[in-house]
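The chains referred to below are lettered A, B, ... by the order of the sequence lines, with proteins before strands, and numbering in each begins at 1.
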Amino acid sequence: MIPRHLVITAAALLVLAMGMAFYVRSMRSRASYTARGALTTQPVAAPVSGPVEQVMLYVAYDDEGILQAQGFRIPLPSGRQQRAEELLRALIGIYLDKSSPHPLPPGSDLRGVYLVDAAQMGPGFNPGLAVIDLNGAFADGHRSGVLVENLTVASLVRTLTANIDGITRVKILIDGQPRQTLAGHADLSGFIDVSAMNQMAAELANP
Amino acid sequence: MLWSKARAPNGLHSYWKRIATVRRADLVVPLSCVLLLAAAGPPGLSHISIYSTLANYTLPVMEKNGQSYVGLLELLDPLGTVTVKVDGNHWKLRYNATDVEFTAGKTRVKMKSGDFDLPANFLLENDRGLVPLSALAALLPRILGGPVTFREASRRLFIGNTGIHFTAQVVSANPARLVMNFSSSVSPSIRQEGNNLRLIFEHDPLMPPGSPLLTFGNTAIPSATYREENGNAEISIAGTLPLFASFSNERRTITITTTPEAAPLSAPSPPTSGIMHAAVGRRFLVAVNASHGGSERGAALTDQIAEKDVTLAFAVALRRELEARGVNTLMVRDGDTNLSVDQRASITNSAHAAIYICLHAAGPGGGVRLYTALLPPGGGNHGSFVDWNTAQTPYLSGSRAAANRIAFELRKDQIAARTLPADLQPLNNVTMPAIAVEVAPPNNMNELLSPIYQRAVAASLADGIVAVRAGEEASK
């Protein structure tokens with residue numbers, strides 16, 4: 001005959017073990033949910049401090065094949081280079097949204113914008129160069145086509161130059177390296193002349 | 001004191017571009033300026049052609065004191081690492097590990113392997129060292145350490161074993177068919193003068209045949225003559241009927257045929273195999289480039305269909321439509337071949353086509369988009385040297401006019417058309433009106449693959465090109 005107190009103790013331990021098993025399982029599923037969240041391909045915007053400002057972003061619309069200037073209010077830091085980066089991050093954010101008019105591949109991000117001035121390069125250097133460094137996911141997964149690629153390039157360059165003064169040439173790098181084309185068409189091998197790009201953006205404004 | 005340093009480039013264009021950006025030293029006129037001054041000379045300047053395994057290039061030849069001279073640094077620069085030090089009258093050159101010292105106004109050349117004399121004085125002009133052409137055959141083997149063949153009369157310099165040999169044989173009498181086989185790929189420019197066809201080899205190290213006059217015993221193509229002059233080689237084929245040239249076997253074979261009376265120029269021809277087909281019979285030649293090709297697939301239009309296949313289908317359809325309208329075409333790509341954008345521009349420029357049409361295909365997006373080059377305003381070329389990256393500049397207004405004319409014809413046929421500038425290679429490198437055409441289906445991808453849609457678009461494009469030709473003839 002098993003003593004009554006031992007039976008009660010065993011039953012309590014069994015209930016406790018089952019409770020622990022349930023708790024562990026719920027903790028595991030929560031951890032896995034958190035991990036999935038951490039792997040999301042949406043870029044995480046750097047914390048920005050600064051006043052909210054009205055800026056003009058040039059947004060591409062694939063269906064109509066146009067580039068449209070649109071006003072947005074975004075917080076911008078005071079530094080010229082940081083402002084350039086936040087502008088392009090805001091633009092890329094629009095394209096990564098589910099309702100994007102010009103979808104970019106998941107994981108597309110800006111690595112940095114570098115504004116190169118004569119003071120940095122020494123006398124004789126032609127100032128006004130901006131270098132846009134995009135990540136590999138941006139170019140590797142970009143849709144291929146003359147119009148769709150040129151819309152992307154025009155959108156980036158026009159947005160940058162419309163809001164940051166003094167840029168005359170732009171160079172686009174992918175993962176810090178020069179690349180021949182964005183996705184087989186738009187030429188990234190050389191420097192993009194801003195005045196020529198403005199002309200293209202103006203023509204892209206009309207369907 | 002000036003040190004100029006350079007490393008071997010990949011080609012002539014990068015060579016000139018790089019030469020033009022050689023860093024300047026204090027109080028010394030830089031080499032680039034001197035070259036630009038030389039480049040700004042009159043057209044038809046005599047030059048020397050240099051052929052090597054690293055690069056084929058031409059350099060200007062200057063007449064000084066009754067002698068022909070060439071810049072030694074420019075000559076050696078594409079072949080290895082060259083540095084130059086100017087010290088008073090002494091011009092010290094180091095090519096790879098070989099040191100050579102020249103003295104301005106003297107014939108004596110000092111080298112470790114032994115001094116020797118040039119046939120005429122060494123000249124130093126703005127720190128640029130000039131050697132007489134007649135010295136090259138003796139001087140260069142000492143510097144380069146290898147064999148050099150210099151055909152001085154025609155100013156053609158072969159470094160190492162780089163010559164291309166050829167054979168020519170009439171293989172069929174009626175219609176006459178002359179087949180010319182070359183030991184390597186060639187890219188001659190082709191000119192028609194009456195019934196004669198001239199193949200001008202500006203960049204190919206073509207070697208002369210045993211006899212300059214080749215006779216074939218054929219009434220339609222009786223003979224061909226080889227000659228070389230001012231850095232170029234030329235084969236002139238005599239014909240009693242208009243002659244057509246086509247390239248095959250990766251541009252190692254050129255086939256010359258006559259135009260039989262039963263097969264007029266306007267008859268559509270079947271698709272040919274090979275890398276390029278040139279029909280040279282009239283002045284207005286259209287270069288049709290099916291973009292992408294080989295391992296470069298272009299856009300994935302569906303899971304199975306690559307852009308390269310659709311562009312080729314459109315190119316073949318366009319050629320048929322053009323030839324049906326009596327317009328000669330040059331297919332830059334008519335097989336599944338890898339060609340770089342620079343090669344495409346070179347082939348087109350060498351053929352001296354009247355217009356360049358590059359075909360692209362895209363997903364649904366409505367109709368046809370016609371692109372012209374995106375070039376900075378005011379950009380252009382200086383002197384007689386053409387900047388590869390802005391070679392299109394003088395032709396851009398013609399390109400835009402042609403794009404508008406073709407768009408007009410497309411709209412007339414109820415095909416939506418839009419003209420735009422685009423940053424798209426090789427439009428900037430083409431030395432004639434150049435348009436890229438991106439064809440998109442109006443509704444779904446099946447339309448793009450439909451031969452009916454392809455034919456309709458090709459026919460409208462051909463109508464537009466014919467209208468461009470008519471406009472050009474009217475303006476003349």
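What you find for B:Pro421 and A:Glu203 is that their closest heavy atoms are CD-OE1, 3.5 Å.
For residues 291-301 of chain B, heavy-atom neighbours of chain A at less than 4.5 Å comprise B:His292, B:Gly298, B:Ala299, sorted by residue number.
Separation of atoms CG (B:Asn428) and CG (A:Asp187) is listed at 7.0 Å; rounding is to 0.5 Å. Atom CG of B:Leu374 is separated from atom CD of A:Gln199 by 6.5 Å, given to the nearest 0.5 angstrom. Rounded to the nearest 0.5 Å, atoms CD (B:Gln425) and OG1 (A:Thr181) are 8.0 Å apart.
When heavy atoms are compared at a cutoff of 4.5 Å, A:Glu64 approaches chain B solely by way of its backbone atoms N, CA, C and O. Proximity to chain B involves both the backbone and the side chain of A:Leu147, based on heavy atoms less than 4.5 angstrom apart. With a 4.5 angstrom heavy-atom cutoff, A:Asn206 touches chain B only via backbone atoms.
Between B:Leu420 and A:Met200 there is no side-chain heavy-atom pair separated by less than 4.5 Å.
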Practice task
Please test A:His185 against B:Glu307 for side-chain contact (heavy atoms from CB on, under 4.5 Å), starting from the C-alpha separation and ending with a verdict.
Solution key: CA-CA 12 Å; A:His185 297 89; B:Glu307 186 184 0; 3.2 Å; yes
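Side-chain atoms of A:Asn150 come within 3.5 Å of backbone atoms of B:Asp423 as a donor-acceptor pair (strictly under, hydrogens ignored). Although no hydrogens or angles enter the test, the distance criterion places a donor-acceptor pair under 3.5 Å between the side chain of B:Arg418 and the main chain of A:Gly65.
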